[in-house]
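A short worksheet on the structure shown next.
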Amino acid sequence: MSDRAGRNPETAYERSDWHVPAIAIVLAMLLVLVTIAVLVLRLAFHTAASDVQRSLRVAMPQPALQTDPQQDLARLRAREEQLLNTYYWVDRDKGIVHIPISAAMQQIAAKGLDGFPQGGR
């Protein structure tokens, strides 16, 4: 009986194992690199560990909590509505006035905008 008689030619397997000495060398070099990095960082930042232990010299302020979100939202919307719906000077020296949004939309609808096609009237 020949060697090839009982073998399946479509089956494959690894013909060699990993090269263990090369892997050991790479791991040893990695260990040396990590050790050197730790030593360099300890030398460069030798006071960092003592900073963690120190106490605060200034009291931290209390957090500014939102105690009434509905009232805060109502005040914000009222202020925005007042700004959007009133006349006021933006720059009196240059003659720039803020007009209510509804008045601005009426003016644009009546006159149109430069550079935009006019609607059929």
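In this chain, numbering begins with 1 at the start of the sequence shown.
- Rounding to the nearest 0.5 Å places CG of Leu30 at 9.0 Å from OG1 of Thr35.
- Ile99 contributes atom CD1, which lies 4.0 Å from atom CD of Gln107 (distance to the nearest 0.5 angstrom).
- Val90 places none of its side-chain heavy atoms less than 4.5 Å from the side chain of Val97.
- Between atom NE2 of residue His46 and atom CG of residue Leu41 there is a gap of 13.5 Å, rounded to the nearest 0.5 Å.
- Among the candidates Val38, Ile36, Leu43, the single residue satisfying the side chain to side chain contact (heavy atoms under 4.5 Å, CB included) test with Val40 is Ile36.
- With a 6.0 Å radius and a threshold of 12 heavy atoms from other residues, nucleotides or ligands, Ile101 has its CD1 atom at or below the threshold.
- Residues Trp89 and Ile96 are not in side-chain contact: their nearest non-hydrogen atoms beyond the backbone lie 4.5 Å or more apart.
- The shortest side-chain heavy-atom distance between Leu33 and Met29 does not fall under the 4.5 Å cut-off.
- For the atom pair NE2 of His19 and CD1 of Ile25, the computed distance is 7.0 Å after rounding to the nearest 0.5 Å.
- Following chains of ILVMFWY side-chain contacts shorter than 4.5 Å, one cannot reach Leu39 starting from Phe45, and the two form parts of different hydrophobic clusters.
- At a threshold of 4.5 Å between non-hydrogen side-chain atoms, the residues Leu83 and Glu81 do not count as touching.
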